[in-house]
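Encoded as C-alpha cells, the structure appears first; notes follow it.
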Amino acid sequence: MEGNSRRQENTKYKLADSVKRCMKTTPVDRITVKDIAEGCGVTRQTFYRNFKDKYDLINWYFDKLVQQSLGQIETGSTVRDSLARKFAFILDEKAFFGGAFRSDDHNSLKEHDFELILQFYHDLLARRTNKLLEEELQFQLELYCRGSVYMTVKWVLGGMKDTPQQMADKLVEAIPPKLAKVFETLGLLS
C-alpha cells in the first residue's frame with residue numbers, strides 16, 4: 001500500500017510539473033486536462049484518478065507549498081517568518097503563481113488561498129486559546145485573510161517588486177489591532 005501511495009504522489013507531482021510548463025505559454029483557463037496529461041505522458045483517466053479538474057491540481061500543489069511555510073508556525077516560527085517563507089516559495093514558482101492567480105474560476109487559487117489561510121489561522125488560534133473565536137475576532141480574521149490574498153495576488157501580478165520579507169512585514173503590520181493583540185499574546189508575532 002505504501003508503494004502505491006508513493007506512486008500516486010509521484011504522479012501528482014508529474015502532473016503539477018506539466019501544468020506549470022503549460023502555464024508558461026497558456027493562460028490557465030485555456031489549458032485542458034488533455035494538455036496536462038499529455039505533457040507528462042499519462043492518460044486523462046490517470047489525471048482524473050488524482051484530481052477532479054485542473055484547479056484541483058493547482059490547489060493541491062499550492063497546498064504542498066503553503067504547508068511547508070505556514071506549518072512552521074507550529075514549530076515555534078512566527079507569522080512573519082512563515083509568511084516570508086510562503087512568499088519565497090511563491091517567488092521561486094513565479095511562473096506558476098502568475099498563471100494561477102490570473103484565473104477567476106469559482107474554484108480558483110485565489111479563493112482556495114483565502115479558504116486555506118482562514119482555516120489555518122482559525123484552527124491555530126482555536127488550538128492555542130482552547131476556545132472558539134469571538135464574532136468580532138472572526139470578522140477581523142476573515143477581513144485580514146481576504147486582504148492578504150488580494151495583496152498577494154497584486155504582488156505576484158505586479159512583478160513581485162517587494163522582497164518576500166518586505167511582503168511579510170507589510171502583511172504583519174496590516175493585522176487588525178485586536179487580532180494582532182491576540183497573536184502577540186500567543187507569541188505568534190515576536
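Between Asp53 and Val33 the shortest side-chain heavy-atom distance does not fall below 4.5 Å. Taking 4.5 Å as the limit, every side-chain heavy atom of Ser5 sits out of range of all side-chain heavy atoms of Gln8. Using a 4.5 Å heavy-atom threshold, the side chains of Arg49 and Thr46 count as touching. Side-chain atoms of Leu125 and Leu179, non-hydrogen and from C-beta on, do get closer than 4.5 Å to each other.
With a 6.0 Å cutoff to the six-membered ring centre and a 45° limit on the axis angle, Lys110 does not count as a cation-pi contact of Phe101.
Atom CG of Leu124 sits about 5.0 Å away from atom CG of Leu188, to the nearest 0.5 Å. Put simply, CD on Glu38 and NZ on Lys34 are 5.0 Å apart, with the number rounded to the nearest 0.5 Å. Here the straight-line distance linking atom OG1 of Thr32 with atom CZ of Arg30 works out to 11.5 Å at 0.5 Å rounding. Here the NZ-CG distance, from Lys94 to Leu91, works out to 6.0 Å after rounding to the nearest 0.5 Å. Atom CD1 of Ile175 is separated from atom NZ of Lys181 by 15.0 Å, given to the nearest 0.5 angstrom. Interatomic distance, CG of Asp29 versus NZ of Lys54, reported as 5.5 Å (0.5 Å rounding).
Closest of all the heavy-atom pairs between Ile117 and Ser148 is CD1-CB, 4.2 Å. Nearest heavy atom pair, residue Val28 against residue Met23, reads CG2-CE, 3.5 Å. Here the closest heavy-atom approach between residue Arg80 and residue Leu189 is recorded as NH1-O, 3.9 Å. When all heavy atoms of Leu15 and Cys40 are compared, the closest pair comes out as CD2-SG, 3.6 Å. Of all heavy-atom pairs spanning Ser103 and Ser108, the tightest one is O-CB, 3.5 Å. Here the shortest heavy-atom pairing between Cys22 and Ile31 reads CB-CD1, 3.6 Å.
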**OP:** Take Tyr150 and Trp155 through the ring-ring contact (aromatic ring centres under 6.0 Å, His included) test and state the conclusion after the steps.
**Re:** CA-CA 9 Å; Tyr150 176 83; Trp155 177 68; over 10 Å; no

Original post:
Could you walk me through whether Lys20 and Asp17 pass the side chain to side chain contact (heavy atoms under 4.5 Å, CB included) check?
Top reply: CA-CA 5 Å; Lys20 286 173 15 181; Asp17 287 340; 3.7 Å; yes

**OP:** List the steps, then state whether side chain to side chain contact (heavy atoms under 4.5 Å, CB included) holds for Asp35 with Thr26.
**Re:** CA-CA 10 Å; Asp35 296 334; Thr26 309; 5.7 Å; no

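Using a 30° and 60° split on the angle between ring planes, Phe183 and Tyr121 fall in the tilted class, from 30° to 60°.
Every salt bridge (charged side-chain N to carboxylate O under 4.0 Å, His left out) that Lys178 has, sequence neighbours left out, goes to Glu136. A search for ring-ring contact (aromatic ring centres under 6.0 Å, His included) contacts involving Tyr144 returns nothing, not counting sequence neighbours.
Side chains of Gln165 and Asp169: a donor-acceptor N/O pair is present below 3.5 angstrom, by distance only. A side-chain donor from one of Gln138 and Glu142 sits under 3.5 Å from a side-chain acceptor of the other.
Hydrophobic clustering of Ile, Leu, Val, Met, Phe, Trp and Tyr side chains at less than 4.5 Å, counting indirect connections, unites Tyr13 with Ile36. Both Met151 and Leu157 sit in one connected hydrophobic cluster of ILVMFWY residues. Membership requires side-chain heavy atoms under 4.5 Å apart, directly or through other members. Linking Ile, Leu, Val, Met, Phe, Trp and Tyr residues whenever their side-chain heavy atoms come within less than 4.5 Å leaves Leu143 and Phe114 in two separate clusters.
The backbone N or O of Gly39 lies less than 3.5 Å from a partner atom in the side chain of Arg21, making a donor-acceptor pair. A donor-acceptor pair under 3.5 Å is absent between the side-chain atoms of Ser18 and the main chain of Lys14, judged by distance alone. Between the side chain of Asp113 and the backbone N or O of Leu109 there is no donor-acceptor pair closer than 3.5 Å.
Applying side chain to side chain contact (heavy atoms under 4.5 Å, CB included) to Phe87 and the options Met160, Gln166, Met167 leaves one that passes, Met167. Applying the ring pair (Phe, Tyr, Trp, His ring centres under 6.0 Å) test between Tyr61 and each of Tyr55, Phe96, Phe97 identifies Phe96 as the sole match.
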